[in-house]
Amino acid sequence: MTLMNVLVDFARAGRIGPLSCGMSLAEAEDLLGPGRPHPAHIMKGPGIDGYPYSWGGLQLVVTQRAVSGIWINLWPGSTAKLPPLVLPDSESFEATVVREELVAALDGAGCRHVVNSTLTLAEQSSLLTQPADVCAVFSLPGRNNHVPHRDRQYLDVMHKHTA
């Protein structure tokens, strides 16, 4: 299993293995182990909505103690971590995904996608996969991103939200 496989599977299905929007936080923590709650959860208590629990580069947004969003955050030019449930046999991985490579992988897997005009602006572009409605956001590298091509867009985040 590679990072690209995880990203394409997420884009096609809108879920990551058994992780899906709508499942309870307790179910997710049974699968992933305890997450690191956002400081708002610590200050306001577990009933506060819309803040993520984190497992390395994986974040689950929680609303009414249920998963309302799944995020994979990447840092182009560095390494990142995802829990073994998401990316088995990998302590850390190269987190650099060029836009054209992900688009080619989606096309190769038969995963339809359209430009997400809401998040496509200036030096950023975005696409939405169909029918899963997973959003991928790409941008030009920042000053601290150590990437081979400064003029290409790299994947920053893929995410899915429930309505």
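Position 1 is the first residue of the sequence; numbering continues from there.
Atom CG in Leu19 sits 9.5 Å away from atom CZ in Phe10 (nearest 0.5 Å). A distance of 9.5 Å separates CG of Asp9 from CD1 of Ile16, quoted to the nearest 0.5 Å. For the atom pair SG (Cys111) and NE2 (His113), the distance works out to 7.0 Å, reported to the nearest 0.5 Å.
The heavy-atom pair separating Pro88 from Met1 by the smallest distance is CD-CG, 3.9 Å. The shortest heavy-atom contact between Ala136 and Met158 is CB-CG, 3.9 Å. Across Leu119 and Cys135, no two heavy atoms sit closer than the pair CD1-SG, 3.7 Å. Between Pro83 and Trp55, the shortest heavy-atom distance links the atoms CD-O, 3.5 Å. Of all heavy-atom pairs spanning Gly14 and Val134, the tightest one is CA-CG2, 3.7 Å. Ser92 and Lys81 make their closest contact through CB-CG, 4.1 Å (heavy atoms, listed as atom of the first residue, atom of the second, distance).
The aromatic rings of His159 and Trp71 lie parallel to each other, with less than 30° between the two planes, well short of the 60° mark.
Between the side chains of Ser68 and Thr63, a donor-acceptor pair is found at a separation under 3.5 Å.
Residues passing the side chain to side chain donor-acceptor pair (under 3.5 Å) test with Asn73 are Gln59, sequence neighbours excluded. Qualifying side chain to side chain donor-acceptor pair (under 3.5 Å) partners for Ser24, counting only residues two or more places apart in sequence or in other chains: Glu27.
At least one side-chain heavy atom of Phe138 sits under 4.5 Å from a side-chain heavy atom of Leu127. For the pair Leu155/Leu7, a side-chain contact is recorded, criterion being any heavy-atom separation below 4.5 Å from C-beta on. Counting only heavy atoms from C-beta outward, the side chains of Val97 and Pro76 never approach each other to under 4.5 Å. Taking the side chain as every heavy atom from C-beta outward, Val98 and Val147 never approach each other to under 4.5 Å.
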TODO: Could you go through the side chain to side chain contact (heavy atoms under 4.5 Å, CB included) check for Leu32 and Leu85 one step at a time?
DONE: CA-CA 7 Å; Leu32 296 165; Leu85 177 75; 3.6 Å; yes

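Within the 3.5 Å criterion, the main-chain N or O of Gly142 finds a donor-acceptor partner in the side chain of Arg150. Looking at Lys160, its side chain does come within 3.5 Å of a backbone N or O of Ala132 through a donor-acceptor pair.
Counting only residues at least two apart or on different chains, the side-chain hydrogen bond (donor to acceptor under 3.5 Å, both in side chains) pairs with a member in residues 122-142 are Arg99-Ser125, Asn116-Ser126, Ser125-Gln153, Ser139-Asp156.
Looking at Val6, Thr2, Leu82 one by one, the single match for side-chain contact (heavy atoms from CB on, under 4.5 Å) with Phe93 turns out to be Leu82.
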